[in-house]
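Quick note: residue numbers are just sequence positions, from 1. The model shown is predicted, which means the values in this text are computed figures rather than measured ones.
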Amino acid sequence: MNSTHPYYMPMLHKHLRLQGTELPHFITSVGNCCPSRTVVLTGRHCHNNNLTANDPPHGGYAGFKTKKLDKSYLPLWLQAAGYQTYWVGKALNGFSTFMADNVGPPTQADLDEFQASAGLAQRPPVYLKYYYTNCQYHERKVGLPDDNLFERAHSLIEDSVDSGNPFFLKLAVSAPHDGPVDGLPRIADRYLSAFPGLKVPRGPNYGKPIDDRFGMSKQRPLWWDSADSDIRYRARAQSMLAIDEHLDKLVTKLECLGILNNTYIIYTSDNGFKLGQHNIPQEKWTYYEEDVALPFFIRGPGVPRGAYANTVQAAMVDVTATILNLAGAAPPANADPVDGAPLPFDLLRTLHSQPNSPFYSYKGAYWNAAPGTVDMLAPPATDAATCARSARPPPMPPLPPRPPPCKGGKCKPIDVGSDDDDSENALLNRLASYDAENGTESGSGSGRRMLRNGAAAATGTELEGAEAEADELRRQLAEATMVMELEEEAEEERERRALQAAGSAAGRISTWSNMALIEQWKYGNLWRGKDYRVIRACMPPNATIAASAAGTRRTGNVCYKYVVFCNIERAYGALRLNQLFNLSSDEAEVNDLLLKKPLPTGTQRLVDRLDAALTVLSYCSGFSCAQPFTRIHPDGSVVNLAEAMDPKYDSLYAGFKKLDFYRCAEYYDPANEIPDSRLVPEEWTLPGAAPPPRPPTSTLDPYVPFVKPPKKGGGKKGGKKGL
């Protein structure tokens, strides 16, 4: 939601955008923190690592350990290549000394644990951060957590440089995550007055209900107090100022140590967040852009500077593959392969030999500086005072030995108020408070009033203003919808022409597929058992795209999002729902192209390709995840969507059965799904069906349906390992 604009994060702009490459089409394969972090650590999609939730039994730190994912994962692979590895900041959800004692520490990784205390009730609250190396107590810090994290990171980098060892540092900050005190992000005192009057952008999907068939949003627009969204949006922007400040100090530290030009820096997030978009006050577990489209910047040797790679799409699994490639590391030969591919730096250098970032010549203001007063191309300062090392605190005295771990029913975890606990209780309580206040004045103990830190209850005038805003928004939405309907046929014609032009582009300069998988099996109280498989597909990086079809934001390519959704509330046999969005002309995702009846021929042809590629991705492992079309065209004749759109493949793709569901569940089990057997790898075996043969050519064998699994014993909660 515009968080990386130079105005809001000038140091990110200075050190990463201007000195590196930005990918505006970067996707997490799951909009949920613990599964997304696990994707980075393992390099494997959720359907392969089978960690699908923030809490046990399907996820969290306990799930990570019990699934033995730490026996072969990124830190170990890097250590085998000679790297020191550090993980500073937010760990996997539920990590604590209690969990470490009872399920074991993670294998060879530095972790920290946030622990709340009675000090949180003080004003200002007191934050304590306990650091562990291999879960052994190291030191205690008092103060803002993210300030401490960067201080700790500086020390670790200094130690690695002094020892002459290369290092990998995963620095997971708390901001802009909501904190344990008032449900708002923690803001450094020095930034409490920043961004006065800042409000959530009111885009086309703000307060716009999701299609009622999906059951994910209320149908009354703006059913909550939008002032709460504005409070949270401003607080999130304020909390990120400390991160921007520390990023500047971190880059300066690397320059002072003489390693900046030999270090790769990656900036991204594990998931996004909604604040009113799609008529949901706050939440992050959907496939919409606000939840899965993330900022991504990288700088380092060989990375183009000032590049805006707006025709290249990458995903979270590609980050793992990129890190391994840059470090010269790899999983052991007997380990499962990573599902991503290293970023194509050769392609990026070819496409962006000169800076092309729309902000490269930015002359506007920054939040703390007037236009033209800051030289963003100046190198970091390296004077003696700046490069002086901070004094290290004396080592803490050893703690008395812990009692042996308890066993049996008497073992209970200690609630330490972790800021990394993304259980849904707090969110559901806030949503309930919005619902209770709908149409009424706020009471003395309401969530809205608490969010305003004791501000007076809303007056009648304020409530009338909110209703007027809602009415105006509804009018604008209706008008926008009518305009979209009038332009729909013309838009489809432009798309067909753009696709044809892309498909006939002269030559293939890269085999980068530009296809990304998004998947979720919803565990928890909110939308429990509502599952989805989604493909986000862009035209190839070198496609010739008509300007009218490329859109005006994140310009340069045409991208689609195709959704296969399992709604547990629908009748058996009608569980599946589908959506299709053109993200280039409809980034807000409010115009579902599949709602038009009859479906235009061009749209149906596109759906046939996307559904087949999505099926392949849903069962992919290793190379097939990076190159899904090789399952359908093993001769290499098709590697991207533009090539697949060739009319000579119409009958092939139209003949594939569409991906479907036997049942919706809160956990992953392939027995719950109905794929076309010709698109499923031969290693897979589902109840009642033998592994399908690998197709020798682009002309595949006739479809052989799967036999419906028996009602009893058809879905084991542990899930089935993907191969």
Full working for side chain to side chain contact (heavy atoms under 4.5 Å, CB included) between Ser72 and Trp77: CA-CA 7 Å; Ser72 182; Trp77 305 333; 3.0 Å; yes
Residue pair Asp531, Asn672: steps toward the side chain to side chain contact (heavy atoms under 4.5 Å, CB included) verdict: CA-CA 11 Å; Asp531 313 328; Asn672 293 332; 6.0 Å; no
Whether Asp339 side chain and Cys46 backbone form a donor-acceptor pair below 3.5 Å: no
Step-by-step salt bridge (Lys or Arg N to Asp or Glu O under 4.0 Å) determination, Asp669 to Arg663: CA-CA 10 Å; Asp669 188 334; Arg663 62 180 65 86; over 6 Å; no
Residue pair Leu294 / Met316: nearest heavy atoms and the distance that separates them: CD1-CE, 3.7 Å
Side-chain (Ser36) to main-chain (Cys33) donor-acceptor, under 3.5 angstrom: no
Nearest non-hydrogen partners of Pro675 and Tyr619, listed with the distance: CG-OH, 3.4 Å
Nearest heavy-atom neighbours spanning Ala188 and Leu144: CB-CD2, 3.7 Å
From Leu41, Val40, Thr42, residue fulfilling side-chain contact (heavy atoms from CB on, under 4.5 Å) relative to Arg44: Thr42
Residue pair Val338 / Pro331: nearest heavy atoms and the distance that separates them: CG1-CG, 4.1 Å
Note, Tyr191 side chain near Glu245 side chain (heavy atom, < 4.5 Å): yes
SB check Asp146 Arg186 (cutoff 4.0 Å): no
Heavy-atom side-chain proximity of Met216 to His278 below 4.5 angstrom: no
Pair Tyr267-His15, side chain to side chain contact (heavy atoms under 4.5 Å, CB included): steps then yes or no: CA-CA 11 Å; Tyr267 175 95; His15 295 302; over 6 Å; no
Minimum-distance pair of heavy atoms, taken over all atoms of Thr38 and Leu69: CG2-CD1, 3.8 Å
Closest non-hydrogen atom pair between Gly59 and Leu51, with its separation: CA-CG, 3.7 Å
Evaluation steps, side chain to side chain contact (heavy atoms under 4.5 Å, CB included), between Leu517 and Leu614: CA-CA 7 Å; Leu517 172 69; Leu614 175 58; 3.7 Å; yes
Ring geometry between Phe95 and Tyr61 (parallel below 30°, tilted from 30 to 60°, perpendicular above 60°): perpendicular
Glu569 side chain to Gly215 backbone, donor-acceptor under 3.5 Å: no
Any donor-acceptor N/O pair, Asn32 side chain to Trp285 backbone, under 3.5 Å: no
Side-chain heavy atoms of Leu74 within contact of Phe168, under 4.5 Å: yes
Side-chain heavy atoms of Ser29 within contact of Ile518, under 4.5 Å: no
Trace of the side chain to side chain donor-acceptor pair (under 3.5 Å) decision for Ser160 with Tyr86: CA-CA 10 Å; Ser160 291; Tyr86 307 108; 2.9 Å; yes
Non-hydrogen side-chain atoms of Leu250 and Ile157 separated by less than 4.5 Å: yes
Any side-chain heavy-atom pair of Tyr73 and Asn49 under 4.5 Å: no
Side-chain donor-acceptor pair present, Asn271, Thr28, cut-off under 3.5 Å: no
Under 3.5 Å donor-acceptor, Thr322 side chain and Leu343 backbone: yes
4.5 Å side-chain heavy-atom contact, Asn54 and Pro35: yes
Sub-6.0 Å ring centroid separation between Tyr532 and Tyr287: yes
Side chain proximity check, Pro281 to Arg232, heavy atoms < 4.5 angstrom: no
